[in-house]
Undergrad: 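Provided herewith is a single structure, encoded as structure tokens, for subsequent inquiry.
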Protein chains: 2
Amino acid sequence: MEEIPERLTERPSWLITQLAVHARKLVFDGFTSVGARGYHYRILAALHEYGPASQAELGRRCRIDRSDVVAAVNELVAQGFVDRTPDPDHGRRNKVTLTGAGARQLRRMDKVLDQVQDDLLGPLPAEDRQTLTRLLTHVLARHEPR
Amino acid sequence: MEEIPERLTERPSWLITQLAVHARKLVFDGFTSVGARGYHYRILAALHEYGPASQAELGRRCRIDRSDVVAAVNELVAQGFVDRTPDPDHGRRNKVTLTGAGARQLRRMDKVLDQVQDDLLGPLPAEDRQTLTRLLTHVLARHEPR
DNA sequence: TGGCTAGTGTTGGTCACACCAACATTGGCG
DNA sequence: CGCCAATGTTGGTGTGACCAACACTAGCCA
């Protein structure tokens, strides 16, 4: 009954940002159920895929600001999901390492995320789902040049 | 060179939320150049399309929380883009009305947004653009039931 | 060798957006 | 009439994305 202005609904920027709102809520709820949030997942994923890394590297790979990596790693350390040790070669640099518990947490979060995809895309046919993913990937790539 | 973990890039929820980050930045920059922000546009658009409304109505139509409508309308009043008068029929209710300056501001923001769509979707062929819009609309509709 | 520059970790802020709880007030309905 | 729903408002929370500044280190190059 309460209609949204057409100026909004017909613009891709509205569709994307509003759908992102719902996606973030689903992700947030899922991650909350395992005591985590988005930044944690990104960092655990990067550590699992590329191995131990400095905080600056993590920030670049995860698209997280250096300063925000500090806080997230602090929390992950407190939960025992990563270790932070000074890099012996590089004086100032830290080496962040995934722990066994961290890998298990990552698996839990993966399961949560898989469920989220289904909730998010709902009854979208597999073909449309693939098309959507392809188009989004293509557009996003043009905004992440380097 | 700095690769993003596949776990992220292959998931639609990541694609949508990350693309939304870029969309928000484009919209933010554009709106900033005319001294406004997202909430302002939504409210001006709703007033233009449906005429004067109460703040609660605006909130429902624009997907903005009641409490946030208060602040946004305050700002719009201060800029002279809307008028807020007590509803004569309804004691507690306010009637928010678009002014001439508000309508002009809305047109400015419309132009900004049109440019943003091009920047956002880049060189996506018209057909793909339409497909993307259709799919996004469809998925979003399932998350906005009523 | 000395000095500058780039990179690193850290602190401490800002902003938009979304959302929630509480409160006083008011209208309308049973 | 009395209760419930709706309204406007205040004040607070959380995430995610940034930015500026600082101290320190490494590496380069003149």
Side-chain angles (χ1 to χ4, degrees), chain A residues 1-2 8 13-14 16-32 35-43 53-75 77 84-96 143-144, chain B residues 1-2 8 13-14 16-32 35-43 53-75 77 84-96 143-144:
Chain A
M1 196 106 320
E2 295 284 356
L8 298 178
S13 61
W14 167 267
I16 290 165
T17 53
Q18 282 310 107
L19 188 53
V21 168
H22 293 284
R24 299 236 252 109
K25 175 157 30 199
L26 291 173
V27 170
F28 173 82
D29 290 344
F31 282 174
T32 296
R37 59 194 183 91
Y39 280 4
H40 299 166
Y41 178 77
R42 300 195 206 175
I43 290 173
S54 73
Q55 297 179 188
E57 270 174 331
L58 289 176
R60 284 188 295 266
R61 286 178 182 151
C62 303
R63 270 57 182 171
I64 302 177
D65 190 272
R66 270 160 45 225
S67 61
D68 297 321
V69 173
V70 175
V73 169
N74 283 344
E75 292 155 5
V77 167
R84 167 162 46 193
T85 57
D87 189 320
D89 305 334
H90 242 74
R92 189 145 191 79
R93 198 175 297 174
N94 288 333
K95 195 172 81 166
V96 181
H143 291 275
E144 303 255 1
Chain B
M1 196 107 316
E2 296 282 356
L8 297 179
S13 60
W14 166 267
I16 290 166
T17 53
Q18 283 310 109
L19 188 53
V21 169
H22 294 283
R24 303 241 248 116
K25 177 159 26 202
L26 292 173
V27 170
F28 174 82
D29 290 344
F31 282 174
T32 296
R37 59 194 184 92
Y39 279 3
H40 298 167
Y41 179 76
R42 301 195 207 175
I43 290 173
S54 73
Q55 297 180 187
E57 271 174 330
L58 289 176
R60 285 188 295 266
R61 286 179 182 150
C62 304
R63 270 55 183 173
I64 302 177
D65 190 272
R66 270 163 40 226
S67 60
D68 297 320
V69 173
V70 175
V73 169
N74 283 343
E75 293 155 4
V77 167
R84 168 161 45 192
T85 57
D87 189 321
D89 306 334
H90 241 74
R92 190 148 190 75
R93 197 175 298 175
N94 289 333
K95 194 172 81 165
V96 181
H143 291 275
E144 303 255 2

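Values in this document were obtained by computation on a predicted structure and should not be read as measured data. Order of the sequence lines sets the chain letters (A, B, ...), proteins ahead of strands, with each chain counted from 1.
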Undergrad: Using the test salt bridge (charged side-chain N to carboxylate O under 4.0 Å, His left out), find all partners of A:Arg93 that sit at least two apart in sequence or belong to another chain.
TA: none
Undergrad: Rounded to whole Å, how long is the line connecting atom CG of A:Asp29 with atom P of D:dG14?
TA: 15 Å
Undergrad: Is the shortest side-chain N/O distance from A:Arg63 to OP1 or OP2 of D:dC18 below 4.0 Å?
TA: no
Undergrad: Atom CG of A:Asp87 to atom P of D:dG27: distance rounded to whole Å?
TA: 11 Å
Undergrad: Base, sugar-phosphate, or nothing: which does B:Val21 touch, judged by heavy atoms less than 4.0 Å apart?
TA: sugar-phosphate
Undergrad: State, to 0.1 Å, how close B:Ala53 and B:Arg61 come at their nearest heavy-atom pair, and which atoms those are.
TA: CB-NH1, 3.6 Å
Undergrad: Only counting residues at least two apart or in another chain, list the ones meeting salt bridge (charged side-chain N to carboxylate O under 4.0 Å, His left out) with A:Glu57.
TA: none
Undergrad: In degrees rounded to 10°, what angle is found between the helical axes fit to the five outermost pairs at each end of the helix from C:dT1-D:dA30 to C:dG30-D:dC1?
TA: 10°
Undergrad: Look at B:Lys25 and D:dC18 and indicate whether a side-chain polar atom (N or O) is within less than 4.0 Å of OP1 or OP2.
TA: yes
Undergrad: Under 4.0 angstrom, heavy atoms only, what part of the nucleic acid is A:Phe28 near: base, sugar-phosphate, or nothing?
TA: sugar-phosphate
Undergrad: Which heavy atom of A:Pro86 sits nearest to which heavy atom of A:Asn94, and what is that distance?
TA: CA-OD1, 4.0 Å
Undergrad: Base, backbone or nothing for each nucleotide of nucleotides 1-9 of chain D, written B, S, -, heavy atoms under 4.0 angstrom, 5' to 3'?
TA: ------BBB
Undergrad: Could you list the residues that satisfy ring pair (Phe, Tyr, Trp, His ring centres under 6.0 Å) with B:Tyr39, not counting sequence neighbours?
TA: none
Undergrad: Return no unless some side-chain N or O of B:Gln18 is found under 4.0 Å from OP1 or OP2 of D:dA17.
TA: yes
Undergrad: Which heavy atom of B:Glu144 sits nearest a heavy atom of A:His22, and at what distance?
TA: OE2-NE2, 3.4 Å
Undergrad: B:Arg42 side chain to B:Arg63 main-chain N or O, any donor-acceptor pair under 3.5 Å?
TA: yes
Undergrad: Could you tell me the boundaries of the chain B footprint on DNA chain C, defined by atoms under 4.0 Å from its heavy atoms?
TA: C:dA16 to C:dG27
Undergrad: Please find the pair of heavy atoms, one from B:Leu8 and one from A:Tyr41, that lie closest to each other, and give the distance.
TA: CD2-CE2, 3.4 Å
